[in-house]
S.K.: 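This is the structure I have questions about; it appears just below.
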Amino acid sequence: MSNYHIKHLEEYYQIYRKSIREPENFWEEIAEEHFLWRKKWNNVLSWDFSKPEIKWFEGAELNITENCLDRHLATRGDKTAILFEPNNPDETSEHISYRQLYERVNQMAHVLKNQGVKKGDRVCIYVPMIPELAVSILACARIGAIHSVVFAGFSSKALSTRINDSDCKLVITADGSYRGDKTIDLKGIVDEALNDCDSVKSVLVIKRIHSEITMKAGRDFWLQPLLDNAPKDGKAEIMKAEDPLFILYTSGSTGKPKGMVHTTAGYMVYTAYTFKNVFQYKENDVYWCTADIGWITGHSYIVYGPLCNGATTVMFEGVPSYPDFGRFWDIVQKYKITQFYTAPTAIRALAKQGTELIEQYDLSSLKVLGSVGEPINEEAWHWYNDNVGKRKSPIIDSWWQTETGGIMITPLPYVTPTKPTYATLPFIGVQPCIMDENGEELKGNQVDGRLCIKFPWPSIARTIWGNHQRYKDTYFSAYKNMYFTGDGALRDEVGYYRITGRVDDVIIVSGHNLGTAPIEDAINEHPAVSESAIVGFPHDIKGNALYGYVTLKESGESRDHTNLRKEINQIITEHVGPIAKLDKIQFTAGLPKTRSGKIMRRILRKIAEKDTSNLGDISTLLNPECVQDIIDEAL
Ligand code: 6R9
């Protein structure tokens, strides 16, 4: 029996029940039938959330790239694996077949080996959305090196922090990148970052924008000549099921980013199986996910999930607004895209343009629309449904996280009836529950609380790089024997889940998770600043924008506020990146604090949202008198 492709709701419930009743048998069957193993497992699952320790398919041996590449060569060698659409629509697109991708990955793997990269070494990939990004990822996986992709829009400080946290030996980057009508000096950013990184022995540089850059002798090498000399064939390193595949950093509620570690076999099985079902992927479909590979969405649903299924996956280098706001629709029409997976922030930005542009394009190839990254508001949902899907393509509002590796709560298209703003039902094998603040599970329907997961799924992150205690504290300590997601959720009268947003100090701006702490740390470095607190407030396009409350030192009080605001945003750009710039900065004499000295962001959030009617009991604050001043001077 093959449970690999679910076709109707009854079948979903049937398979779901089986996956919960007999999780090991269920996943074993999926793993057995649909993947290439060098050696089978001795044990499907062992787990203990109190340690926490989770192992899937222990004893198995494999290489994920043999599943993404080698096994397709006989049947799909000439099929397009990656369809690259450049930033500039006048530049020719690239159709990379499975065979060509296989060859390019092998060449890159040889280059990495020649640079001394070995199994288990960490390689930092700071590359824009060009084919070499996917090739680099797969080449690392091929030789058993652990890739750590850093989004090529992050600042040099954010980059060096990530390189140092996992002691990367080598960095792959490009001379620069295109972004609409702008270029970004990536190599310059890398050079600056590497002033602080002793672990990096070499830098491989891809030529993309042909800009003038400096190459440090003995450290920096142009990649292309090295590739040209490398063989197109090569053996994949045999990996153990639980060997780390990659590290990907995500923001937390303290300043330091968390290097989430994903391992090989479970991640492969889960991303491939979810891809097949959540997008109802069929041979000859052309699938497009607009995310950047620098985020988990790109790792799982541009690279690994699609390639494991032998799919054609589109990589788009540019932005939705270049050369105009019709670009996405132009691409859909040009490649006859069948599945389109994007983020609410992009939908809102496109909706703002009206429907004039979109009506000029033929979108009739679309069968499935996806949304990910943050809660999708009702208005955006309807715009997407009416204008992009023409009410014919179901919207897959998929909830998941960097930590979960793959999609966790989602409708299955043409299977689950959708409901605006609801991620609906758990994916096969996923056991969500809703907890109250006292640690009690809220059973039954029509309940509202905090979202946890009771049982391991194959692609759960196994640890935080170098800090297992933090992994335990962050995800497994709030509720006994549960994985805590950090999100609030409700379950409606039919058992559908709706994600209501973060309950911790993470704010999602344009789909990017931003921890308040690193931004506050950056602001506090300004010599005139004494203290600061960041909250989110609703924004039409970005979902949330950032509002900063800043108290000044005496020396800062006489300073010009307009200049100070500029300087503060400049520091944030340098330390975190331009995505974390503040939309509003209010200078205030004090910040409301609890008696234990914690800033009460809850109150500041209400003020930023202009909802001051019910601030709750503020009498227990250390300094309740500052609240009225902040309200009076709110922006
Ligand atoms: C895949 C990804 C994870 C956080 C997550 C939640 C929010 C993601 C969502 C959603 C509501 C959805 N989130 N998808 N909220 N509905 N469909 O985005 O991973 O970058 O780690 O963000 O994003 O708050 O906890 P990541």
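This structure is a prediction, so every number in the text was calculated from the model and none was measured. Note that ligands are numbered from 1 as they come in the structure, with each ligand's atoms numbered from 1 the same way.
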S.K.: Checking His468 side chain against Pro52 main chain: does a donor-acceptor pair fall under 3.5 Å?
M.R.: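 A pair under 3.5 Å: yes.
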S.K.: Enumerate the residue pairs fulfilling ring pair (Phe, Tyr, Trp, His ring centres under 6.0 Å) with a member in residues 394-421, sequence neighbours excluded, ordered by first and then second residue.
M.R.: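 Matches after skipping sequence neighbours: Tyr301-Trp400.
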S.K.: Quick test of your reading: applying side-chain hydrogen bond (donor to acceptor under 3.5 Å, both in side chains), list the pairs with at least one residue in residues 149-158, sequence neighbours left out, ordered by first then second residue.
M.R.: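 Only Ser156-Glu192 qualify under side-chain hydrogen bond (donor to acceptor under 3.5 Å, both in side chains).
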S.K.: Hey, is the main chain of Glu85 close enough, under 3.5 Å, to the side chain of Glu317 for a donor-acceptor pair?
M.R.: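 Absent.
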S.K.: Residues two or more places apart in sequence or in another chain: which of them pass side chain to side chain contact (heavy atoms under 4.5 Å, CB included) with Pro578?
M.R.: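 Partners of Pro578 under the side chain to side chain contact (heavy atoms under 4.5 Å, CB included) test: Thr573, Lys581.
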S.K.: Tell me whether the NZ or CZ atom of Lys276 lies within the 45° cone about the ring axis of Tyr273 and under 6.0 Å from its centre.
M.R.: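 Ring-cation test returns no.
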S.K.: What does the 4.0 Å heavy-atom contact list look like for ligand 1?
M.R.: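 Lining ligand 1 at under 4.0 Å, by heavy atoms, one finds Ile296, Thr297, Val372, Gly373, Glu374, Pro375, Asp397, Ser398, Trp399, Trp400, Gln401, Thr402, Asp487, Ile499, Arg502, Ile508, Asn513.
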